[in-house]
**Q** 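Have a look at the structure that comes next, please.
Letters A, B, ... mirror the listed sequences (proteins, then strands); counts begin at 1. Model, not experiment: these values are computed from the prediction.
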Protein chains: 2
Amino acid sequence: MSRTTIADVAREAGVAKATVSHALTGNRPISEETRAKVLAAAERLGWVPSQNARALANRRANAIAVVLARNPDVIANDSFFPAFIAGVESVLAETETALLLQVVPDRDAEERAYRSLAHGRADGALLLDLRDDDWRVPFLEELDLPTVLVGAYDGPHPFSCVRTDDAAPIREIIAHLRDAGHERIAHVSGPLRYVHSRARADAYVAEIGDDALLREGDFTAASGRALTAELLALPERPTAIVYSNDTMAIAGLSFARAQGLSIPADLAISGFDDDHLSAHLTPALSSVSTDPAARGRAAARLLQAAVGGAEPRTEVVDCNVVHFRESTSA
Amino acid sequence: MSRTTIADVAREAGVAKATVSHALTGNRPISEETRAKVLAAAERLGWVPSQNARALANRRANAIAVVLARNPDVIANDSFFPAFIAGVESVLAETETALLLQVVPDRDAEERAYRSLAHGRADGALLLDLRDDDWRVPFLEELDLPTVLVGAYDGPHPFSCVRTDDAAPIREIIAHLRDAGHERIAHVSGPLRYVHSRARADAYVAEIGDDALLREGDFTAASGRALTAELLALPERPTAIVYSNDTMAIAGLSFARAQGLSIPADLAISGFDDDHLSAHLTPALSSVSTDPAARGRAAARLLQAAVGGAEPRTEVVDCNVVHFRESTSA
DNA sequence: CTGAAAGCGCTAACAA
DNA sequence: TTGTTAGCGCTTTCAG
């Protein structure tokens with residue numbers, strides 16, 4: 001491993017360690033001449049400052065973190081996460097900031113992870129998969145770690161927040177289905193403890209008037225299939241199902257077809273997230289594109305601001321667009 | 001931020017700092033009694049050791065890194081990366097190791113990033129998107145940073161390596177197409193500077209005998225479309241196209257259909273990667289599932305071994321499975 | 001404008 | 001089995 005230190009550079013340049021430090025950070029006036037000397041020496045030796053030493057001395061890690069309490073497989077089977085991370089990275093890249101990603105198996109490990117971050121491992125954290133009454137919010141507040149909440153959170157908190165309006169697209173889809181004559185419209189939601197699932201489900205219930213045809217899934221294909229089966233077995237089966245993600249919608253679509261139903265004639269179907277292949281299915285799946293990358297960018301910017309001491313603020317990213325395709329056409 | 005340090009814990013437990021350290025690491029014998037005392041004190045104070053201080057003192061960061069020189073968007077539009085990361089994390093989670101992800105805009109920043117890692121920011125690195133004659137390999141060797149190469153690399157190197165056999169599935173697909181009577185079989189590859197693209201293209205050329213119907217794409221839908229157009233405009237157009245990923249295959253499929261061709265009757269099509277929706281398309285797309293998560297797990301294990309001082313070794317992950325579906329059926 | 005020296009929080013000798 | 005001390009490589013007073 002690289003053993004070149006600031007002392008080597010100082011010696012090579014014939015200056016003090018402090019001068020090297022300041023030549024790089026610009027934290028105090030340096031004559032152009034010595035600065036050039038230092039930079040040249042650093043270049044020659046291939047020296048970069050140790051982030052650990054630097055973090056220890058000035059409490060700045062040049063990294064932000066995302067701690068994931070979910071099964072790692074979800075990273076792969078979720079179209080939100082990769083795109084979100086891509087958005088985050090596109091902002092971080094500008095400042096050569098790294099993203100620390102940690103998956104934890106349980107609550108204990110999760111608390112340790114956040115404590116470790118607050119102890120200088122990262123400058124801030126992004127909170128995903130928010131639940132109502134999420135313990136992490138007060139916990140991070142006490143840890144005093146700059147944080148950005150991705151998704152709505154109802155309780156009081158001192159953090160910046162990136163929100164979207166998930167109710168509007170659900171209302172739009174239902175209106176569209178009603179225009180096409182549908183009266184029994186069902187909804188297969190994600191886990192209702194997640195605020196975004198809940199927002200969609202609430203919009204559905206508000207619009208329909210009751211929750212008789214609401215079923216709580218967990219975003220997996222298996223649950224999409226099972227709940228579709230349940231709904232289709234009803235005495236008066238629904239003529240349309242609004243799903244809370246594309247994975248469940250496609251599983252439902254497959255199941256319905258296997259039952260001999262034709263889509264959309266017998267059953268209209270819509271998804272959420274607009275997976276990049278959804279438009280290519282037959283029938284093409286109506287869905288809501290959500291631009292997770294835009295939210296990633298917004299979250300990263302807000303976090304960088306928070307790390308810099310800015311006041312918290314809530315940013316509503318207007319990114320949800322409904323795409324009506326064959327699976328809901330009249 | 002948390003300001004509790006090892007000194008606070010030592011005071012609270014009535015022991016020396018070193019004792020606290022050793023109580024946690026188990027690096028030297030400690031009486032059960034004091035150990036319990038220390039752990040209780042740490043618990044009470046909510047203390048976790050500072051990774052920075054620890055890394056500085058013993059050169060162990062408890063993190064491994066992936067540096068990405070590509071456009072962040074690719075993270076989202078690539079089915080390999082998220083699944084690979086999921087596999088990596090599933091192994092890292094066991095040891096509470098974090099993954100440091102950094103996107104860099106240019107070669108300079110990339111070198112700096114790797115230097116920083118070698119300077120104690122991470123214990124090792126995973127190298128993706130290998131090219132033949134990749135400058136990073138000798139560079140990391142000189143930096144003496146434990147590394148695992150993901151993908152084949154021909155030059156000499158002192159690192160562990162995770163390989164797959166990408167030629168076999170291509171041969172299998174071509175054999176299958178020939179059985180169905182196809183004689184003009186084309187291949188749309190990825191960038192040939194990437195070793196995995198090249199391996200597939202080489203297998204194609206070896207099997208077919210020439211590269212007249214080989215076209216070099218870049219894995220994007222746009223290139224899939226453009227090269228399909230080019231191939232279909234040939235005087236003697238191919239009757240089958242083997243693509244190097246699903247994205248290009250689906251773009252090609254859409255284009256061909258828009259030209260009035262029917263799939264697979266007029267044109268057989270196969271992809272690579274087996275995107276999770278490919279089986280749901282109509283016609284369902286023949287593809288090669290590659291289990292990137294398995295490679296992620298293997299890479300993470302090899303890297304942890306390398307960090308621990310193990311000898312480098314090459315692991316061939318046998319994960320490629322061809323799925324023949326409607327898009328290539330006779 | 002520059003240098004010297006004191007820490008940041010931890011681990012690893014070295015003693016006891 | 002435990003305590004004491006000297007760094008790890010950097011930033012930042014404090015002097016000059």
**Q** Taking atom C1' of C:dG9 as reference, at what distance in whole Å does atom CZ of A:Arg54 sit?
**A** 18 Å

**Q** Apply side chain to side chain contact (heavy atoms under 4.5 Å, CB included) to residues B:Leu68 and B:Val104 and explain how you reach the verdict.
**A** CA-CA 6 Å; B:Leu68 253 24; B:Val104 291; over 6 Å; no

**Q** Taking the minimum atom-to-atom distance to the side chain of B:Ala57, which one of C:dC1, C:dC10, D:dG9 wins?
**A** C:dC10

**Q** Let's go through A:Ser160 and A:Glu315 carefully: what are the C-alpha distance in whole Å and the side-chain angles of both, what is the deciding distance for side chain to side chain contact (heavy atoms under 4.5 Å, CB included) to 0.1 Å, and is it a yes or a no?
**A** CA-CA 8 Å; A:Ser160 282; A:Glu315 190 170 328; over 6 Å; no

**Q** Quick one: is B:Asn27 getting a side-chain N or O under 4.0 Å of the C:dA12 phosphate, OP1 or OP2?
**A** yes

**Q** Specify the separation, in whole Å, of atom CZ of A:Arg121 and atom C1' of C:dC8.
**A** 17 Å

**Q** Rounded off to whole Å, could you give me the CZ-to-P distance for the A:Arg11 and D:dG9 pair?
**A** 12 Å

**Q** Quick one: CG on B:Leu126 to CG on B:Leu99, what's the gap to the nearest 0.5 Å?
**A** 8.0 Å

**Q** Does a side-chain N or O from B:Arg59 land closer than 4.0 Å to OP1 or OP2 of D:dG9, or not?
**A** yes

**Q** Side-chain N or O of A:His22 less than 4.0 angstrom from OP1 or OP2 on C:dG3?
**A** no

**Q** On the nucleotide C:dC8, are OP1 or OP2 found under 4.0 Å from the side-chain N or O atoms that B:Ser50 carries?
**A** no

**Q** According to a strict under-4.0 Å criterion, is A:Ser21 in side-chain N/O contact with OP1 or OP2 of D:dT12?
**A** no

**Q** According to the interplanar angle, ranging from 0 to 90°, do the rings of B:Phe139 and B:Tyr114 count as parallel (below 30°), tilted (30 to 60°) or perpendicular (above 60°)?
**A** perpendicular

**Q** Among the candidates C:dC1, D:dT12, D:dT1, find the nucleotide nearest to the side-chain atoms of A:Ala18.
**A** D:dT12

**Q** NE2 of A:His119 versus C1' of C:dG9: gap in Å, rounded?
**A** 7 Å

**Q** Between B:His196 and B:Tyr153, is the ring centroid distance below 6.0 Å?
**A** no

**Q** Would you say B:Ile6 and B:Ser21 make side-chain contact, with heavy atoms under 4.5 Å?
**A** yes

**Q** Nearest to the B:Thr19 side chain among D:dT2, C:dG3, D:dT12, which nucleotide is it?
**A** D:dT2

**Q** Could you check how far CD of B:Gln51 sits from C1' of C:dT11, rounded to whole Å?
**A** 13 Å

**Q** For the side chain of A:Lys17, counting heavy atoms from C-beta on, which of D:dC8, C:dC10, D:dT11 is nearest?
**A** D:dT11

**Q** If you check the A:Arg28 side chain, which of D:dT12, D:dG9, C:dT2 turns out closest?
**A** C:dT2

**Q** What is the nucleic acid contact for A:Val20, judged by heavy atoms within less than 4.0 Å: base, sugar-phosphate only, or nothing?
**A** nothing

**Q** With a 4.0 Å limit, can you tell me whether B:Thr34 has a side-chain N or O closer than that to the phosphate oxygens OP1/OP2 of D:dT2?
**A** yes

**Q** Whole angstrom is fine here: how far is it from CG in A:Asn52 over to P in D:dT11?
**A** 12 Å

**Q** Please tell me which of the listed nucleotides, C:dG3, C:dG9, D:dT11, lies nearest to the side chain of A:Leu56?
**A** C:dG9

**Q** Rounded to the Å, how far apart are A:Leu24 CG and D:dT12 C1'?
**A** 16 Å

**Q** Distance check needed: C:dG9 C1' versus A:Arg60 CZ, whole Å only.
**A** 19 Å

